[in-house]
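To start, the structure under review is shown below, and the notes come after it.
Counting convention: from 1, in listed order, for ligands and their atoms alike.
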Amino acid sequence: MASAGIVIIGAGMCGGNAAVTLREEGYRERVVLVGDEPGAPFGRPPLSKTYFRDEEDLTAWMVKPANWYEENDVERLQARVEAIDTQAREVVLEGSRKPIAFDRVLIASGGRNLRLAVPGADLPGVLGLRTLADCEAIKEVAVPGSHAVVVGMGFIGSEMAASLRQRGVRVTAVVSGVGPLARVLGDAVGSVMAAIHREKGVETLVDDRVVAFMGAGRVERVLTSRGAIVQCDFAVTGTGIEPAVAVARASGIAIDDGIMVDERCRTNVAAVYAAGDVASQRHPIFGRVRVEHYNNAERQGRAAARSMLGATEPYDDLLSFWSDQYEHAVEYVGQAPRWDQFVVRGSLEQRRLLGFYLGAGRVLAVMGLNRGGDPELDEGGELFAAKALVRNRVEVSPGVLEDEATDLRGLGR
Ligand SMILES: Cc1cc2nc3c(=O)[nH]c(=O)nc-3n(C[C@H](O)[C@H](O)[C@H](O)COP(=O)(O)OP(=O)(O)OC[C@H]3O[C@@H](n4cnc5c(N)ncnc54)[C@H](O)[C@@H]3O)c2cc1C
């Protein structure tokens, strides 16, 4: 009997890369890539940066050109998956009586923006950013001289604040901590980022929260917990995502902050795999982790495809991300949800540094601000060298890390 093939749920960075890998690895059976967004899989980073600022189109961000899928016999289906019948091994589509059979299925359904649970959050003009359509909707209102409130200064909020300023929009940002990215990078770097945004004209309300959006039929102002009332033409919320786990509910697939998978992207149910923003993986180095970054979506999608084909290597990527804001570049490698020491090599004041996150004296993660190179590409760079410190959980004294004379390459071994 012919194999039913592989169904991939979600045609984002992760699902797209999984489909490509299946074909690259020589898989000949049916591959169906089901996604509810229009268009071929692409990477979202330019939606808050270059594409939003009209500096490039999305060509360089496509996983593959649109015609690749047909040429390689990957069936792309624009539809929403309602459920997975793990007994019958079928995927049920919304509004369709015809299920799709599978031998194996990959859940790559990513994340959905969290809605702020405050009055007025559904007013027109309160906008989130995840999809291309979201990006176009913000572009339409982000005209020079308009006034935006940016809610939350994580990655999306702080990149949007920067890009909006670059488009000539007045920006007021409401930040719950000391500054942009403070939750991930710590207060020292958060304060530096806050100063950068202030210099670029972003009015920043720190240690504050939006408690209501108000307006007659459309957002006109926001109210904060400290009592500020900010007039605005529109608001952009960047308050995080939740994993899109709905397809796995009532299927017996284990869920807990994402779909639980092992080192090889396997769920607790045979033939069902998950990867990308939706997956909470048992990582060989970092323990259980759910990652919401581009590099992981790409690589874990590829790893899941290989795993579906029988590969047994664990997915042990070192996990990395970047963020570009104005002329400033942030890079990060490793995983440090908590740390007990932050060691700076370089200068916070000059905004040029490597920062080491230590736990019990060991290097958990390393960040670079305008320094260190790309940890993935720049083999001569300091961040590339620092990867071995993270991988090998090297115990090293802060003084040694701070010392510019120390060659990081020597330390990682
Ligand atoms: C504006 C923006 C900028 C970013 N910039 C960076 C950056 O600079 N650096 C970085 O490291 N990361 C960045 N990221 C994060 C990165 O884009 C994500 O980690 C990545 O998109 C995750 O890919 P994914 O395929 O797992 O999930 P997603 O991109 O969420 O794709 C999942 C797809 O599945 C679809 N789907 C969900 N449920 C169903 C269903 N039931 N049926 C059918 N389809 C379904 C969704 O609609 C979506 O199309 C950015 C994200 C955004 C939004």
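- Selection from Ile241, Leu319, Ile156, Leu47 by nearest heavy atom to atom 52 (C) of ligand 1 gives Ile156.
- For ligand 1, the atoms lying closer than 4.0 Å to a non-hydrogen atom of Phe321 are 11 (O).
- With respect to atom 23 (O) of ligand 1, the closest heavy atom belonging to the protein is Ala297 CB, 3.4 Å.
- Given atom 12 (N) of ligand 1, the protein heavy atom at minimum distance is Tyr294 N, 3.2 Å.
- For CD of Gln350, the number of neighbouring non-hydrogen atoms (other residues, nucleotides, ligands) closer than 6.0 Å is 12 at most.
- Using modelled atom types and a 3.5 Å distance limit, the side chains of Arg290 and Ser280 yield no donor-acceptor pair.
- Gly10 CA, 3.2 Å is the protein heavy atom nearest to atom 34 (O) of ligand 1.
- When only non-hydrogen protein atoms are considered, atom 4 (C) of ligand 1 lies nearest to Pro45 CA, 3.6 Å.
- At a cut-off of 3.5 Å, with distance as the only test, no side-chain donor of Glu376 or Trp322 sits close to an acceptor on the other residue.
- For atom 39 (C) of ligand 1, the closest non-hydrogen atom of the protein is Arg80 NH1, 3.6 Å.
- Which parts of ligand 1 touch Glu292 is read off a 4.0 Å heavy-atom cut-off, strictly below it: atoms 15 (C), 19 (O).
- Remark: side-chain polar atoms of Arg266 are not paired, donor with acceptor, to backbone N or O of Val261 under 3.5 angstrom.
- With no hydrogens or angles considered, no side-chain donor-acceptor pair links Glu331 and Ser320 at under 3.5 Å.
- Contact annotation: Arg112 has at least one heavy atom less than 4.0 Å from an atom of ligand 1.
- Using modelled atom types, one finds no donor on one side chain facing an acceptor on the other under 3.5 Å when comparing Tyr273 with Asp262.
- Between the side chain of Thr237 and the backbone N or O of Thr239 there is no donor-acceptor pair closer than 3.5 Å.
- At a heavy-atom distance under 4.0 Å, only backbone atoms of Ala108 (N, CA, C or O) approach ligand 1.
- Side chains of Ser158 and Gln325: a donor-acceptor N/O pair is present below 3.5 angstrom, by distance only.
- Close contacts between ligand 1 and Gly110 involve ligand atoms 26 (O), 27 (O), 28 (P), 30 (O), 32 (C) [criterion: under 4.0 Å to a heavy atom].
- When ring centroids are compared, Trp339 and Phe356 stay outside the 6.0 Å threshold.
- Residue-level proximity to ligand 1 for Cys14 is carried by backbone and side chain together, each with a heavy atom below 4.0 angstrom.
- Of all atoms in ligand 1, listed by their number and element, those nearer than 4.0 Å to a heavy atom of Leu129 are 1 (C), 53 (C).
- The aromatic rings of Tyr332 and Tyr357 sit tilted, their planes meeting at an angle between 30° and 60°.
- Neither the backbone nor the side chain of Val278 has a heavy atom within less than 4.0 Å of ligand 1.
- Proximity to Val247 (heavy-atom distance under 4.0 Å) selects the following atoms of ligand 1: 41 (N).
- Taking only non-hydrogen atoms, the option from Gln300, Met13, Arg44 nearest to atom 50 (C) of ligand 1 is Arg44.
- When Leu33, Asp134, Val291, Val81 are checked for heavy-atom proximity to atom 42 (N) of ligand 1, Val81 turns out nearest.
- Using a 4.0 Å cut-off between heavy atoms, Lys49 contacts ligand 1 through its side chain alone, with no backbone atom that close.
- Considering both main-chain and side-chain atoms, Asp277 comes within under 3.5 Å of ligand 1 through a nitrogen or oxygen pair.
- With hydrogens and angles ignored, the 3.5 Å screen pairs a side-chain donor or acceptor of Ser146 with a backbone N or O of Val143.
- Checking Arg23 against Asn72 by side-chain atom types alone, no donor-acceptor pair falls below 3.5 Å.
- Among residue pairs with one or both ends in residues 172-195, those qualifying as side-chain hydrogen bond (donor to acceptor under 3.5 Å, both in side chains) are His147-Thr172, Thr172-Glu203; sequence neighbours excluded.
- Here Trp322 has heavy atoms under 4.0 Å from ligand 1 in both its backbone and its side chain.
- Note on ligand 1: Ala79 sits in its first shell, one or more heavy atoms being nearer than 4.0 Å.
- The shortest N/O to N/O separation between Ser48 and ligand 1 does not fall below 3.5 Å.
- The single protein non-hydrogen atom nearest to atom 48 (C) of ligand 1 is Glu37 OE2, 3.2 Å, given as residue, atom name and distance.
- Closest to atom 30 (O) of ligand 1, if we only count protein heavy atoms, is Arg130 NH2, 2.8 Å.
- Phe286 and His283 have tilted rings, their planes meeting at an angle from 30° to 60° on a 0 to 90° scale.
- Inside a 4.0 Å radius of atom 19 (O) of ligand 1 there is at least one protein heavy atom.
- Protein heavy atom closest to atom 36 (N) of ligand 1, with residue, atom name and distance, is Asp36 OD1, 3.6 Å.
- Listed by number with element, the atoms of ligand 1 under 4.0 angstrom from any heavy atom of Gly276 are 26 (O).
- Remark: Asp340 pairs with no residue by the side chain to side chain contact (heavy atoms under 4.5 Å, CB included) rule, at least two apart or across chains.
- Looking at Thr204, its side chain never comes within 3.5 Å of a backbone N or O of Val206 through a donor-acceptor pair.
- Heavy atoms of Gly111 come nearer than 4.0 angstrom to ligand 1 in at least one pair.
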